[in-house]
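Inspection log for the structure reproduced underneath, given as structure tokens.
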Amino acid sequence: MGANRDLAAVLESLHPASGDPGLIGADPRLCAQVLRVDGVAVSVTTGSGLSELLWSTPGASTRLEDLQYELGQGPGPEAAASCAPVLAPDLSRVPTGRWPTLLPQLTELGIGAVFCFPLAVGSACLGTLSLQRATSGPLPDSTMTDAWLVANALTAVLLQGGPQQHAFAAAEEGSDFYRAAVHQASGMISVQAGTTLAQALLRLRAHAFRHGRPVTEVAEDVVARRLHFRDDENGPDTAAGEGTEGP
């Protein structure tokens with residue numbers, strides 16, 4: 001009964017309180033505790049197709065989402081693309097070719113299992129709920145049921161609307177969302193290099209990974225015009241240094 005009360009409290013608190021600028025109100029650490037995992041995270045997709053981390057426990061879960069975003073591979077992107085759950089109860093048994101760059105990084109983080117659930121409305125996927133833990137093994141049936149309840153409740157919260165959601169959906173410049181700089185930088189790179197927004201994001205991710213830097217950090221350099229992307233004789237991912245003009 002106590003576990004049921006805790007789950008009910010989490011579900012009720014997912015709706016942000018009046019005056020709360022966030023889209024999700026609950027404490028992610030409490031949610032992880034109720035679901036008996038080490039961490040949780042929610043990432044959703046903006047109207048422009050970019051991904052945004054809305055809610056996560058600090059540490060490994062946040063880094064997991066960042067790595068999936070930077071690399072464009074992993075259970076989260078697969079769940080979002082297929083609008084179906086992607087369950088990896090033992091990452092050591094996942095074929096290396098499935099997520100070749102991500103898997104070694106997760107081993108370094110000490111993550112042994114990841115479970116991603118789509119935030120689905122019909123055949124459309126608004127985002128994902130990701131659970132991770134250090135120990136391998138499948139989720140108990142009761143936890144699977146509870147995870148789906150949380151995923152469905154999160155979907156309902158995201159569908160409620162409101163000023164903060166509209167700002168997020170538009171990825172407005174100057175917003176305080178986790179990846180606001182990435183959204184802005186992608187637009188700037190698109191203009192600089194004459195590419196689509198999706199191609200611009202790929203360039204940004206590739207540059208960050210190649211230089212071993214977080215994509216949000218590289219994006220801040222682009223927004224501050226310390227980094228400028230262009231097509232030239234050196235190839236498509238070339239970046240020039242400070243002092244550039246224009247977008």
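Basis for what follows: all heavy atoms, side chains included, without hydrogens, waters or symmetry-related copies.
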Original post:
Does the side chain of Leu139 come within less than 4.5 Å of Leu35's, by heavy atoms?
Top reply: no
**OP:** Kindly compute the distance separating CD1 (Ile189) from CD (Gln184), expressed to the nearest 0.5 Å.
**Re:** 11.0 Å
**OP:** Mark yes or no for whether Trp99, through its side chain, and Gln68, through its backbone, hold a donor-acceptor pair below 3.5 Å.
**Re:** no
Subject >> Full working for side-chain contact (heavy atoms from CB on, under 4.5 Å) between Ser186 and Leu204 >> reply: CA-CA 7 Å; Ser186 296; Leu204 183 64; 4.2 Å; yes
Original post:
Can you check whether Pro75 reaches Gln132 side chain to side chain, under 4.5 Å on heavy atoms?
Top reply: no
Subject >> Residues Ser56 and Thr62: side-chain donor-acceptor under 3.5 angstrom >> reply: yes
**OP:** Measure from the side-chain N and O atoms of Glu70 to the backbone N and O of Val215, and report whether any donor-acceptor pair falls under 3.5 Å.
**Re:** yes
Original post:
When rounded to the nearest 0.5 angstrom, what distance separates CZ in Arg36 from CG in Asp146?
Top reply: 7.0 Å
**OP:** Could you tell me whether the side chain of Leu14 reaches within less than 4.5 Å of the side chain of Trp55, counting heavy atoms only?
**Re:** yes
Original post:
If every non-hydrogen atom of Ala41 is compared with every non-hydrogen atom of Leu53, which pair is closest and at what distance?
Top reply: CB-CD1, 4.2 Å
Original post:
To the nearest 0.5 Å, how far apart are CG in Leu67 and OG1 in Thr101?
Top reply: 10.5 Å
**OP:** Report yes or no: does Thr57 contribute a side-chain atom to a donor-acceptor pair with the main-chain N or O of Arg29 at less than 3.5 Å?
**Re:** no
Subject >> CG on Leu149 to OG1 on Thr143, rounded to 0.5 Å >> reply: 11.5 Å
Original post:
Within the side chain of Thr155, is there an N or O that forms a donor-acceptor pair under 3.5 Å with the backbone of Ala151?
Top reply: yes
Subject >> Distance, nearest 0.5 Å, that separates CG of Leu71 from CG of Leu102 >> reply: 6.0 Å
Subject >> side-chain contact (heavy atoms from CB on, under 4.5 Å) partners of Arg213, counting only residues at least two apart >> reply: His211, Glu217, Val218, Asp221
Subject >> Stepwise side-chain contact (heavy atoms from CB on, under 4.5 Å) check, Phe115 with Arg133 >> reply: CA-CA 9 Å; Phe115 311 91; Arg133 66 184 185 198; 4.2 Å; yes
**OP:** Decide yes or no for Met144 and Pro138: does some side-chain heavy atom of the first lie under 4.5 Å from some side-chain heavy atom of the second?
**Re:** no
**OP:** To the nearest 0.5 Å, tell me how far Asp6 CG sits from Cys31 SG.
**Re:** 11.5 Å
Original post:
For the residue pair Val223 and Ala185, what are the closest heavy atoms and their distance?
Top reply: CG2-N, 4.0 Å
Contacts table for residues 118-131: side-chain donor-acceptor under 3.5 angstrom, sequence neighbours left out:
unit_1: Ser130; atom_1: OG; unit_2: Glu65; atom_2: OE2; d: 3.4

Extract all donor-acceptor atom pairs below 3.5 Å that involve side chains of residues 85-96 and protein atoms in other chains or at least two apart in sequence.
unit_1: Asp90; atom_1: OD1; unit_2: Ser92; atom_2: N; d: 3.1
unit_1: Asp90; atom_1: OD1; unit_2: Ser92; atom_2: OG; d: 2.5
unit_1: Asp90; atom_1: OD2; unit_2: Ser92; atom_2: OG; d: 3.4

**OP:** State, with a plain yes or no, whether a side-chain heavy atom of Val34 is found less than 4.5 Å away from one of Val150.
**Re:** no
**OP:** Identify the two heavy atoms, one from Val222 and one from Met188, that lie closest to each other, and give their separation to 0.1 Å.
**Re:** O-CE, 3.3 Å
Original post:
Below 4.5 Å, heavy atoms only, C-beta onward: do Arg63 and Ile111 meet side chain to side chain?
Top reply: no
